[in-house]
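To start, the structure itself, in structure tokens.
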Amino acid sequence: MTEVLRTVRLALHPVTMSDHAALLTHWTEPLVRRHLFGDRTISAAQVREIIDASERDFATEGYGLWALRPARWSGGIDGPAAGEPLIGMAGLGHRDGPLGHGVDVEILYSLQPERWGQGLAAEASRAVLDYAFGVVGVHRVTAEIDMANPASAEIALQLGMRRGPDGPAGPDGAAYYAADRSRWVGSRGVVDAVPGCPEPA
């Protein structure tokens, strides 16, 4: 099972400690942290813990977090262009379900603000869901949407996720969306996420 994914515009590679500095810069950007971390500033140690947890999840569950970089297509070989900056993150994690109903597999993503509005979040999220349902065999994936971020709700709808009961998170609550494997696989004519080759040493 390969964990490297490609889309038309993106190369998705599992996050590693080599991404630590770039992720710390990205996740402490004010507009990014507002929606991803509830406006909390995370520390370098917390970023290391997140990377460690993602590596454990890939080893035990088959999924985790991917670093997003622009893809390079040349001579039939695709990958992140050398020196291309990290432009975001997408992946899957665990969290308690709404109203305490079990543990969900949750889709997460973040993008540099200058990349907003280009359809990249939906493109990366679609790749992650294709992998989750088609390769790993996850049965259900949820998304917790900040009510102050309607763009994320629109992305969830574009992905075919359905809104569920609202939960208690945040001062105005949170909207919960979900996609299930049977409906996703049945509705997908093509798979946008192309498993890639392992990174060169």
Side-chain angles (χ1 to χ4, degrees), residues 3 5-10 12 14-15 27 31-38 50 53-54 57-58 61-68 87-113 115-195:
E3 296 156 351
L5 307 177
R6 313 281 192 246
T7 71
V8 172
R9 295 181 292 173
L10 298 169
L12 293 76
V15 298
W27 283 338
L31 290 176
V32 173
R33 76 171 190 245
R34 177 187 303 171
H35 297 299
L36 190 62
F37 297 107
I50 292 171
S54 175
D57 282 346
F58 271 116
E61 307 292 342
Y63 57 75
L65 305 180
W66 285 266
L68 308 181
I87 63 171
M89 172 280 302
L92 300 166
H94 306 281
R95 68 170 295 119
D96 291 336
L99 307 180
H101 294 166
V103 176
D104 284 337
V105 177
E106 181 186 29
I107 190 166
L108 306 161
Y109 67 83
S110 59
L111 279 175
Q112 283 296 105
R115 297 284 185 162
W116 293 3
Q118 300 175 21
L120 293 172
E123 185 173 323
S125 297
R126 190 173 292 112
V128 170
L129 290 176
D130 275 335
Y131 180 85
F133 292 132
V135 178
V136 181
V138 172
H139 293 292
R140 182 172 181 265
V141 175
T142 66
E144 181 184 348
I145 306 297
D146 181 356
M147 296 295 283
N149 187 11
S152 284
E154 179 60 29
I155 290 168
L157 293 175
Q158 289 176 24
L159 294 170
M161 304 183 86
R162 294 180 173 180
R163 184 168 176 171
D166 290 350
D172 299 315
Y176 289 88
Y177 291 75
D180 64 82
R181 183 175 185 272
S182 60
R183 186 166 179 268
W184 179 268
V185 172
S187 67
R188 299 288 285 150
V190 295
V191 175
D192 294 334
V194 180

Exercise: identify the closest heavy-atom pair between [X] and [Y]:
X: L159; Y: A122; value: CD2-O, 3.8 Å
X: L111; Y: A121; value: CD1-N, 3.5 Å
X: M161; Y: L157; value: O-CD2, 3.9 Å
X: D130; Y: W184; value: OD1-NE1, 3.0 Å
X: H35; Y: W116; value: CD2-CH2, 4.4 Å
X: Y109; Y: S152; value: OH-OG, 2.7 Å

Hey, could you give me the [atom1]/[atom2] distance between [X] and [Y], rounded to the nearest 0.5 Å?
X: R140; Y: D180; atom1: CZ; atom2: CG; result: 8.5 Å
X: R126; Y: L5; atom1: CZ; atom2: CG; result: 14.0 Å
X: L92; Y: S54; atom1: CG; atom2: OG; result: 9.5 Å
X: L108; Y: E144; atom1: CG; atom2: CD; result: 9.5 Å

* When you measure from the side chain of E123 to the backbone N and O of T7, does any donor-acceptor pair fall under 3.5 Å? ->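 It does not hold such a pair.
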* Residues in side chain to side chain contact (heavy atoms under 4.5 Å, CB included) with L36, at least two apart? ->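 Applying side chain to side chain contact (heavy atoms under 4.5 Å, CB included) to L36 gives W27, M89, S110.
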* Not counting sequence neighbours, which residues clear side chain to side chain contact (heavy atoms under 4.5 Å, CB included) with A67? List them please. =>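 Checked A67 against side chain to side chain contact (heavy atoms under 4.5 Å, CB included); matches are V15, D19, R69, L86.
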* **Plane angle bin for W66 and Y131 - parallel if under 30°, tilted between 30 and 60°, otherwise perpendicular** =>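 The arrangement is perpendicular - the two ring planes meet at more than 60°.
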* In terms of the angle between their ring planes, are Y63 and H94 parallel, tilted or perpendicular, with boundaries placed at 30° and 60°? ->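 Tilted: the ring planes of Y63 and H94 meet at 30° to 60°.
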* Asked: Is any side-chain heavy atom of V136 less than 4.5 Å from a side-chain heavy atom of E61?
  ->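 Result no, sub-4.5 Å side-chain heavy-atom pair not found.
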* **V141 vs L129 side-chain heavy atoms within contact, under 4.5 Å** =>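 They are in contact (side-chain heavy atoms under 4.5 Å apart), so the answer is yes.
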* Asked: How would you list, by chain and number, every residue that makes a side-chain hydrogen bond (donor to acceptor under 3.5 Å, both in side chains) with Y177, sequence neighbours excluded?
  ->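 Y177 satisfies side-chain hydrogen bond (donor to acceptor under 3.5 Å, both in side chains) with no other residue.
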